[in-house]
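A short write-up of the structure that comes next.
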2 protein chains.
Amino acid sequence: MDTIPKQTLMRLPNYYNFIKGLQNSGIRNISSPAIAKELNLNEVQVRKDLAAVSQIGGKPKMGFDIGELLNSLEHCLGYDNVNDAVLVGAGQLGRALLTYKGFETYGMRIIAAFDTDEGIIGTEISGKRVFPADSLFDLCPRLKVHIGIITVQDSCAQGVCDKLVKSGILAVWNFAPVHLTVPDHILVRNENMAVSLAVLSKHLKEKMISGDVPEGEV
Amino acid sequence: MDTIPKQTLMRLPNYYNFIKGLQNSGIRNISSPAIAKELNLNEVQVRKDLAAVSQIGGKPKMGFDIGELLNSLEHCLGYDNVNDAVLVGAGQLGRALLTYKGFETYGMRIIAAFDTDEGIIGTEISGKRVFPADSLFDLCPRLKVHIGIITVQDSCAQGVCDKLVKSGILAVWNFAPVHLTVPDHILVRNENMAVSLAVLSKHLKEKMISGDVPEGEV
DNA sequence: ATTTTATCAGTAAAAAAATATTGATTGGAG
DNA sequence: CTCCAATCAATATTTTTTTACTGATAAAAT
């Protein structure tokens, strides 16, 4: 497979979730029109997206083999490699992530947490030990971790980010709603909860204006 | 302003975060090349994006006025309307969202939570009351809420979603890693934490293969 | 066995987005 | 006051992505 289009890559998780669900229902095959309908996409687009990842192809009248498809998607999304991450900021959100079961399904693992609060340093959350923030420099290289998750307060985020970078982290998943300045070779993914919700709301509003709400209650 | 391109809309939050940060530092103007550099975008693209939302424009040698820009972005993203949402599933993640301070900055508010666990029904989390799941039907219409947040276990997600739809919800923010089937007029936004992390990891791996890691430690 | 229908794959066309180019405008330097 | 460098705006070009079309294939129906 040569380079997959960016937009396609962004749709892949949707395909994966949907198809995974089908598998659990015991279904063995699925056609692109069927996928397209459920995911509100174009039938041809679905076929092309799938072709870009799977190269085995589907059969007329039968569609694609679900098992095959999932394998291809997993491989393409890199779910089949184990990957470790560390988390900084064991507050409410940090704890939620530490407790979150879903990661393992996708081969991801948060192996340790860091915080400055003396009260929680040394405790365990969902089996993961909480270390003092300063031990980042020491532990990250030793554990060969390359992904850092930032769930600290806005005001500390840049400082924590700098520390992570110094510790050899290469990718950052940032939950603080601030812009992080990083060296060029560092990958940053911003997860701004508030923005996500606001954007959803914005979309809803647009939809309501363009007028396809059923009942008269707005 | 006529219809803003989808891709532009997706970049808007990044601009907003970055520029907001500048404002807090007391800076008054910013040029598109400067923004482009920081956000790793094309200078012209930034200018076009900003033109699509602001229509006031910038001045040569000075760039854009930050206050003006923020107003336009806020308006465009709908941050200036108060919007209410309800949350179903007061588990670890649900509680994290209920506690999350960031929403109010963007005019969003979670006004109530729902759960089936007798132990937490009736309690308050961060000032929000937890109601029994069945009262959704009653409360949602009364509160005129149109956004529902799903933070329940995978197996319950579809059921909860159906209930929300029945209660008059129009948009769903789904944190369960499953595909939700909904009527056409319902907007679904999937937030799959595990996938997000996996995708970040995937990107990192690609970057490492294409070979621009500085030190020899991989 | 032949026809029908659903579906796939590959190519072509259209649309959308990103990038490059050119000329205009403005604040400051000489 | 004139020139220069920075930056904007508008138009043009290229690239990417989406959609449309055509013919092929295979299961099911006649």
Side-chain angles (χ1 to χ4, degrees), chain A residues 1-15 18-19 22 27-73 76 199 203 206 210, chain B residues 1-15 18-19 22 27-73 76 199 203 206 210:
Chain A
M1 72 198 171
D2 49 359
T3 156
I4 294 163
K6 235 180 299 177
Q7 309 283 349
T8 296
L9 204 71
M10 290 173 63
R11 280 189 294 270
L12 257 34
N14 299 330
Y15 294 131
F18 175 52
I19 296 168
L22 294 177
I27 297 166
R28 317 234 102 218
N29 309 285
I30 181 78
S31 71
S32 26
I35 298 175
K37 197 186 165 199
E38 192 70 20
L39 266 55
N40 294 311
L41 294 169
N42 181 295
E43 158 197 344
V44 182
Q45 187 169 60
V46 172
R47 216 174 285 136
K48 286 196 100 178
D49 284 349
L50 296 184
V53 294
S54 94
Q55 85 255 44
I56 294 103
K59 275 191 279 186
K61 199 81 178 184
M62 296 297 289
F64 295 81
D65 180 80
I66 281 185
E68 200 54 69
L69 226 42
L70 285 176
N71 278 147
S72 301
L73 285 167
C76 193
V199 168
H203 284 326
E206 265 175 9
S210 69
Chain B
M1 68 195 171
D2 48 0
T3 158
I4 294 163
K6 235 181 299 177
Q7 309 284 351
T8 296
L9 202 72
M10 290 173 63
R11 279 189 294 270
L12 257 36
N14 299 331
Y15 294 131
F18 175 52
I19 296 169
L22 294 177
I27 296 166
R28 315 236 102 218
N29 309 286
I30 181 80
S31 71
S32 26
I35 298 175
K37 197 185 165 200
E38 193 69 20
L39 266 55
N40 293 312
L41 294 169
N42 182 295
E43 157 197 347
V44 182
Q45 187 170 59
V46 172
R47 217 174 284 136
K48 285 192 102 179
D49 285 348
L50 296 183
V53 295
S54 94
Q55 86 254 43
I56 294 101
K59 275 191 277 186
K61 199 83 176 182
M62 295 298 288
F64 296 80
D65 180 80
I66 281 185
E68 201 53 69
L69 225 42
L70 285 176
N71 278 148
S72 301
L73 284 167
C76 192
V199 168
H203 284 325
E206 266 175 8
S210 71

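Letters go in sequence order (proteins before strands), and every chain restarts at 1. All of these numbers come straight from a predicted model, not from anything done at the bench.
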Minimum side-chain heavy-atom gap A/Leu41-A/Asn14 below 4.5 Å: no
Over all atoms of both residues, closest heavy-atom pair of A/Phe64 and A/Gly58: CE2-N, 3.3 Å
B/Arg11: partners by salt bridge (Lys or Arg N to Asp or Glu O under 4.0 Å), with sequence neighbours left out: B/Asp49
Any side-chain heavy-atom pair of B/Asn29 and B/Ile66 under 4.5 Å: no
All side chain to side chain donor-acceptor pair (under 3.5 Å) counterparts of B/Glu68, not counting sequence neighbours: none
Value rounded to 0.5 Å, distance of OG in B/Ser32 from CD in B/Gln45: 11.5 Å
Boundaries of the chain A footprint along DNA chain C (any atom under 4.0 Å from a heavy atom): C/dT5 to C/dA9
Separation between CD1 of B/Ile19 and CG of B/Leu12, rounded to the nearest 0.5 Å: 9.0 Å
Results of salt bridge (Lys or Arg N to Asp or Glu O under 4.0 Å) for B/Glu43 - residues two or more places apart only: B/Arg47
Interatomic distance, B/Gln55 CD vs D/dA9 P [rounded to whole Å]: 12 Å
Check nucleotides 4-8 of chain D for protein N or O atoms closer than 3.5 Å to its own N or O atoms and list the pairs.
residue: D/dA6; atom: O4'; partner: B/Lys61; partner atom: NZ; Å: 3.3
residue: D/dT7; atom: O4'; partner: B/Lys61; partner atom: N; Å: 3.4
residue: D/dC8; atom: OP1; partner: B/Ser32; partner atom: N; Å: 3.0
residue: D/dC8; atom: OP1; partner: B/Ser32; partner atom: OG; Å: 3.1
residue: D/dC8; atom: OP2; partner: B/Ser32; partner atom: OG; Å: 2.4
residue: D/dC8; atom: OP2; partner: B/Arg47; partner atom: NE; Å: 3.0
residue: D/dC8; atom: OP2; partner: B/Arg47; partner atom: NH2; Å: 3.0
residue: D/dC8; atom: O3'; partner: B/Gly58; partner atom: O; Å: 3.2

Validation row: A/Leu69, A/Tyr15 side chains within 4.5 angstrom (heavy atoms): no
Polar atoms only, N or O, under 3.5 Å: list the protein pairs with nucleotides 18-20 of chain D and their distances.
residue: D/dT18; atom: OP1; partner: A/Arg11; partner atom: NH1; Å: 2.8
residue: D/dT18; atom: OP2; partner: A/Arg11; partner atom: NH2; Å: 2.8
residue: D/dT18; atom: OP2; partner: A/Gln45; partner atom: NE2; Å: 3.3
residue: D/dT18; atom: O5'; partner: A/Gln45; partner atom: NE2; Å: 2.9

Pairwise side-chain contact, A/Met10 with B/Met10, heavy-atom cut-off 4.5 Å (strictly under): yes
